[in-house]
Amino acid sequence: MPSISLLRLIIALLLALLMPALAHGASQPVTEGWEYRWGDSPFTEDGIPEWVLQDAPEKWNSIGFPSNPPGREGRENVWFRVTLPTGEWQEPVLYIFSVDLIVQVWLEGEKIYQYGEFSAQGRGRFEGWPWHEIVLPENYEGKPVYFRIFSNYTDIGLWGEVSIMDHPDLVLYILKNSLEALVIAGFATLIALLAIIFSLLQTEKKTFASISLFTLSSALMLVSESQASLLIAYQPLMWDYLAAGSYYMLPVALALLLEQWLTNYRPWVINLIWKVHLVYLVGALLGALAGVFDLSSTFPPFDALFLGSLVIIFAVVLRRIRRMLREQQVLLLAFGFFCALLIVDMAVAHGVLPWGRVPVSWGMLLFSLAVVVISLWHYAGTQEALKRLNVSLEEKVAERTAKAEALARREQARVRMLTFENEKNRILGDVITELQDCLGLKQAFGLLVRALPDICSPLRGAFYQSGSGERYDRVAVWGFSRPVPLPVLLDARKGLPEPSRLPQLKQWQGAEGGDREAESATLCFWVNVESASAGNVTEGILLLEGDGVFGKAESEYGSARLLAALDQAIQRISITLSSIALREELQKFSYEDALTGLKNRRYFDQLFEHESAVAQRNDLPLSLLIVDIDHFKRFNDTHGHEAGDNALKIVAGILQKQFRESDIVCRYGGEEFVVVMPGATSEAARDKASQLCEAVREVPIIHRERDLGVLTVSVGVANWPDNGEKPLQILTLADKALYRAKEAGRDRVEISG
């Protein structure tokens, strides 16, 4: 349980704080006697690597530390071995700081540890960079232990440190190494919350939001990269994703902050940097989650990109640092110290510098302290601003008085608008009623085009309907004298005018007429029609000239009300048109046979033509079965049509059970059925037909608790390419085969010759 893991972590942290001597726990580094061997071992029939069963000293080479042996040359598999030293331990474990990328550990022919999944070819996917605790069996001293490793990363092998210690000492050792990062991450989180509060109090200063983003990202990175994170939840890959996301977010937050500081200098380079890094962050995480590539492979490109970005940022900032505020200069120095530690840590990670723990958290601590000092200074400034605000209260009262007078004028306008809207609602109601009586969209749009001038009066405008390609043709125009200032057509590829938003009118520049701006404010409404097949499609666009409708004193209120009324009207019209479209589709696609529940002949006709084209295009076999119930007319005459209908249902049910989900069973008419079998050969279709005949013979026809006996069926089978030059011909051939089956005595299967 996560809560239990967290409780254990808190107790262990308290022990690490109260008894620091225990946190050092005795340990024995394994630094001598390492050997390596490139490639992967063959396995015995028992699944044991042969290399762990034979000494073969001439095959192994000495190495100082089991990481990145010479002569890799693109190899992805390597083995290391070392003889474990003796020691006095109660619960001995082998501690490894990290492994690139997955590992198996063998001792005396037994696999004692594995992290990651090895394929039959000795490969595997990245599973994260956890620290490893390998429980050692009794009498391990003086015996060679083998490490089988796969890595398609830039590094291969063990990394950091390898030591033997007791399990309790290891837990305290992990906490000791993580305690500093956890404490500083908590402090940084508090600073981030403080920055968020300041950003809410002083919304005009967006720098606090960027500082909060940077601080939160850094805190999350410290927690995710700390070894103690696995004590909270042993999900290495999850922590690596959190670490990668927070690490990749650092240059985004830094560039955003600098962009806000340098806004007067138009820092397009800084703007480009944070956008590029944001795209990389999203692409790297989504690509890794989707399995396009391993998360591990995203770190080296990012480090190179980050270094280049830091150089560019340094060059830009250096030219303008003297013009910055003192607080900005302080934060930049803290940023610089933090980034310098990140670069050193980067160099250690890529083997440029020897391994060692880089105190990245100290850079975060310095930055957090700088934020505290600056935040306190801003708090004092906020208090001064509040004093100045009290002095200006009289001016605010005067402004409110002016607003009250404006509200009174708007109320007068509202009365006139209500009268206007009532009349428009009456007209709209009549139009909606007429639309509901239309049989199809074509008729409905014809009626709508005729009614729009009355709905939109007194506004002048034009209506555009979706045409061929991605164009919208002007089908109606009203209220204008020649020439009409609105374009003849709208091209979706060049951009459509955006729908108007309350309460402002949008200035729109037409797709035609050059770069000349429209002379008056243009209202735009989209008529969207929702259908089951095409989804939400913009079928029409309404453009209206919005100037000069109301008096100056009431224009703001009147325009907003008019825009709202028109928007509601278009939405009601769109809903009505959508219901018409749905009704059309329901009528068009009514393909189910009411009695048997199977698809009907109309569906079969369209489906068979489609499947024939697919089979011919992809050169895949296509089989067709025509099934006829033997002597069904005699059955009907003997037992009645109600019993006949029940028999049809039973046979239809048998048909559905006998064939694959990819096969399509349809009622062809009367007592005939057809089965389309895409991808089925003649032999497979014949076997299925024979099984069907046997299944029908075995099922009695029960009607009103009376056993009416059993029925039999005759089946004609045809296949393309075995029969016919074209797939469509097998329908006729299968019908002829059915005729032969009935002539030969029924209750049989005939294959088209």
Is it true that atom NZ of K143 has more than 12 heavy atoms of other residues, nucleotides or ligands lying nearer than 6.0 Å? yes
Gap separating the CD1 atom of I273 from the CD1 atom of I312, nearest 0.5 angstrom: 4.5 Å
N/O donor-acceptor pair under 3.5 Å between T44 side chain and E50 backbone: no
Working note: D240 + F299, criterion side chain to side chain contact (heavy atoms under 4.5 Å, CB included); need CA distance, chi angles, decisive distance, verdict. CA-CA 11 Å; D240 285 332; F299 282 91; 5.8 Å; no
Search all heavy atoms of P69 against all heavy atoms of V78 and return the closest pair with its distance. CG-CG2, 4.1 Å
So which atom in W106 and which in F43 form the shortest heavy-atom distance, rounded to 0.1 Å? CZ2-CE2, 4.3 Å
d(I149 CD1, D100 CG) to nearest 0.5 Å is 8.5 Å
Is the shortest heavy-atom distance from the side chain of V103 to the side chain of Y113 under 4.5 Å? yes
Aromatic centroids of Y36 and F65 separated by under 6.0 Å: no
Within-4.5 Å side-chain heavy-atom neighbours: V82 and P66: no
Please answer whether the main-chain N or O of L295 pairs with a side-chain N or O of Y241 as donor and acceptor at a distance below 3.5 Å. no
Using side chain to side chain contact (heavy atoms under 4.5 Å, CB included), reason through I156 and N68 one step at a time and then give a plain yes or no. CA-CA 5 Å; I156 186 169; N68 294 326; 3.8 Å; yes
Take atom CD of Q90 as the centre, draw a 6.0 Å sphere, and report whether it contains more than 12 heavy atoms from other residues, nucleotides or ligands. no
Could you report the tightest heavy-atom contact between D166 and E91, atom names first, then the distance? OD1-N, 2.7 Å
Taken to the nearest 0.5 Å, the spacing of S229 OG from Y234 OH works out to 10.5 Å
I need the minimum non-hydrogen distance between F80 and G157, along with the two atoms involved. CE1-CA, 3.7 Å
Looking at W51, is its backbone amide N or carbonyl O close enough to the side chain of S41 to form a donor-acceptor pair, meaning the two atoms are under 3.5 Å apart? yes
How long is the gap from CG on L172 to CG on N177, to the nearest 0.5 Å? 11.0 Å
Going by atom types alone, do Y248 and T298 pair a side-chain donor with an acceptor below 3.5 Å? yes
Hey, does I343 have a side-chain heavy atom less than 4.5 Å from the side chain of L310? yes
Side chains of V614 and P678 in contact at under 4.5 Å (non-hydrogen atoms): no
Do P92 and E141 make a side-chain contact, defined as non-hydrogen atoms from C-beta onward lying under 4.5 Å apart? no
Ring centres of W129 and Y153 under 6.0 Å apart? yes
Please lay out, stage by stage, how L94 and Y140 fare under the test side chain to side chain contact (heavy atoms under 4.5 Å, CB included). CA-CA 11 Å; L94 184 65; Y140 70 89; over 6 Å; no
Would you say the ring centers of F118 and F150 fall short of 6.0 Å from each other? no
Please report the interatomic distance CD(E611) to CE(M677), rounded to the nearest 0.5 Å. 12.5 Å
W131 and L170: CA distance, side-chain angles, deciding distance, side chain to side chain contact (heavy atoms under 4.5 Å, CB included) verdict: CA-CA 11 Å; W131 48 270; L170 175 59; 4.0 Å; yes
Would you say L175 and V171 make side-chain contact, with heavy atoms under 4.5 Å? yes
Show the nearest heavy-atom pair for residues S217 and M249, with the distance to one decimal. OG-CG, 3.1 Å
Are the side chain of R148 and the backbone N or O of Q114 linked by a donor-acceptor pair below 3.5 Å? no
What pair of heavy atoms forms the shortest contact from S296 to L101, and how long is it? OG-CD1, 3.9 Å
Has W159 got a side-chain atom pairing as donor or acceptor with I96's backbone, closer than 3.5 angstrom? no
Evaluate whether atom CD of E138 has more than 12 neighbouring non-hydrogen atoms of other residues, nucleotides or ligands under 6.0 angstrom away. no
Check this for me, if you would: do D55 and R81 make a salt bridge, where the nitrogen-to-carboxylate-oxygen distance has to be below 4.0 angstrom? yes
Using 0.5 Å steps for rounding, measure from the CD1 atom of I232 to the OG atom of S226. 6.5 Å
Is the shortest heavy-atom distance from the side chain of Y95 to the side chain of I174 under 4.5 Å? yes
Using modelled atom types and a 3.5 Å cut-off, is there a donor and acceptor pairing between side-chain atoms of W89 and backbone atoms of H167? no
Can you find a pair of side-chain heavy atoms, one from V223 and one from W239, that are under 4.5 Å apart? yes
For the pair W79 and Y146, name the ring-plane relationship: parallel under 30°, tilted 30 to 60°, perpendicular over 60°. perpendicular
